[in-house]
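Note: hydrogens, waters and symmetry copies are ignored here, and every other heavy atom, side chains too, is used. Every number for a ligand or one of its atoms is a count from 1 in the order of the listing. As the structure is a computational prediction, the values presented were derived from the model and not from experiment.
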Amino acid sequence: MEAIEIKRRRSRRIYVGKVPVGDGAPISVQSMTNTPTSDVAATVAQIRAMEAVGVDIARVSCPDEESTAALKEIVKQVSVPIVADIHFHYKRGIEAAEAGAACLRINPGNIGSAERVREVVRAAKDYNCSIRIGVNGGSLEKALLEKYGEPCPEAMVESALNQAKMLEDEDFFNFKISVKSSDTLMMMKAYRLLAAACDYPLHLGVTEAGGLRAGTVKSALGIGTLLSEGIGDTLRVSLTADVTEEVKVGFEILRALGLRYRGVRIVSCPTCARKGIDVEKIVRSLEERLEHISVPLKLSVLGCVVNGIGEAREADIGVCGGGNGKALLFLHGEQKEQINADEVVEKMVALAEKAAAERQAEETK
Ligand code: SF4
């Protein structure tokens, strides 16, 4: 079967540190710390936890001078580029650029005057720092709310383009834009309008999406639908949950759309009366034990031979229930052996680790 490919919107290329964003670059996955940024050790530990699950870009809030002072140390201790999140205080933006932030999330419309915008842009240029204009449906300018009567996609896009113009007037084009809302349909429409109105790279997100389950569903719908239409260059899944979950869900969305693969993907069935192995328990164990693998690997775990053989043939490593407490084990599409059901996890972990090491070695050749 011919692969179904998403045709991505053409956008400009910017860089967040070493990470390219836009113009066909791999869609990067971002997350944000929730430790006090002034607490260097805690913030570095959280960014490292995100790095372990593959984050490309990490954002930290910089509400005060202590935070921008700490940023300098944080940047030194982590590998991924850091985005400094600034609201209102243009001086924090300048300090963050000086401290080594790779990108400033700052809205030029919020910082007071054209002179202040000029100063922030000068710092961004001097320190090779990109900017994200981050429009949020919940905090639109008063004038736009009066014009449109309520937050709406058109008002969000007008805000974004007005702010883009402020940067363009300073001869600054090294920026991306987000138009987030906690309303999934509103954010989707805003991004579609914005995508048609400019060629800047777009940072996707459903803001304040909720807890792990609701937030994952909302983000998969909002971010995933836009990505399926070719819109979006980088993303952040916003969850009231452990920050590493944001990264994992981000990669799951990309993987579900065939846009980017990282780590182990497990195809598994919901099980029914035909199941010959404990699929749920096996999948849970595999997810936990194979989290450290970053190279793409496809596993299948199915309860019986009905669909199990077909799926196992498409996977790097596959297993299905075979009856009488036995399971059939497949490697690269070939049936390898019949094993006891209680051996499945250990065998699959060993084979997955071996396959991952081989793939890694091939990639680094
Ligand atoms: Fe049921 Fe077998 Fe299908 Fe799993 S693969 S849902 S056990 S029929």
Side-chain angles (χ1 to χ4, degrees), residues 1-6 53 211-221 223-225 227-228 237 239 241 244-245 247-356 358-359:
M1 191 184 78
E2 206 180 310
I4 302 166
E5 268 189 34
I6 292 170
V53 289
L212 184 56
R213 187 181 323 179
T216 297
V217 172
K218 279 179 88 169
S219 301
L221 282 169
I223 297 172
T225 304
L227 288 172
S228 75
V237 172
L239 297 175
T244 58
E245 295 295 341
V247 183
K248 292 180 204 169
V249 172
F251 276 106
E252 286 297 343
I253 294 172
L254 293 176
R255 184 151 54 186
L257 291 167
L259 285 165
R260 200 172 158 196
Y261 297 98
R262 182 190 189 277
V264 174
R265 168 165 63 127
I266 304 177
V267 175
S268 60
C269 75
T271 77
C272 69
R274 289 197 186 92
K275 74 171 178 191
I277 51 175
D278 190 341
V279 176
E280 190 184 341
K281 198 167 153 201
I282 293 168
V283 169
R284 212 179 314 121
S285 301
L286 292 174
E287 280 175 347
E288 275 169 23
R289 292 186 53 185
L290 299 176
E291 204 172 86
H292 61 289
I293 292 180
S294 60
V295 293
L297 218 51
K298 184 176 172 185
L299 270 54
S300 76
V301 182
L302 279 88
C304 75
V305 293
V306 170
N307 294 319
I309 293 177
E311 288 292 352
R313 290 206 195 285
E314 298 296 317
D316 293 300
I317 302 153
V319 77
C320 62
N324 298 326
K326 298 282 181 190
L328 307 180
L329 182 68
F330 293 73
L331 187 60
H332 306 304
E334 300 288 327
Q335 187 175 334
K336 199 171 173 258
E337 57 182 320
Q338 190 165 315
I339 58 174
N340 291 328
D342 58 9
E343 292 177 292
V344 168
V345 172
E346 291 308 322
K347 288 256 183 194
M348 286 188 94
V349 167
L351 288 169
E353 286 179 337
K354 185 165 175 274
E358 285 166 2
R359 205 155 286 181

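Under the side chain to side chain donor-acceptor pair (under 3.5 Å) criterion, E287 pairs with no residue at all, not counting sequence neighbours. For R262, the side chain to side chain donor-acceptor pair (under 3.5 Å) test picks out no residue, with sequence neighbours left out. For E353, the side chain to side chain donor-acceptor pair (under 3.5 Å) criterion is met by H292, not counting sequence neighbours.
At a cut-off of 2.8 Å, measuring from atom 1 (Fe) of ligand 1, the protein N, O or S atoms that fall short of it are C272 SG, waters left aside.
Using a 4.0 Å cut-off between charged side-chain N and carboxylate O, R284 and E280 make a salt bridge. Using a cut-off of 4.0 Å between Lys/Arg side-chain N and Asp/Glu carboxylate O, E346 and R289 are scored as salt-bridged.
Without hydrogens or angle criteria, D316 side chain to L299 main chain gives no donor-acceptor distance under 3.5 Å.
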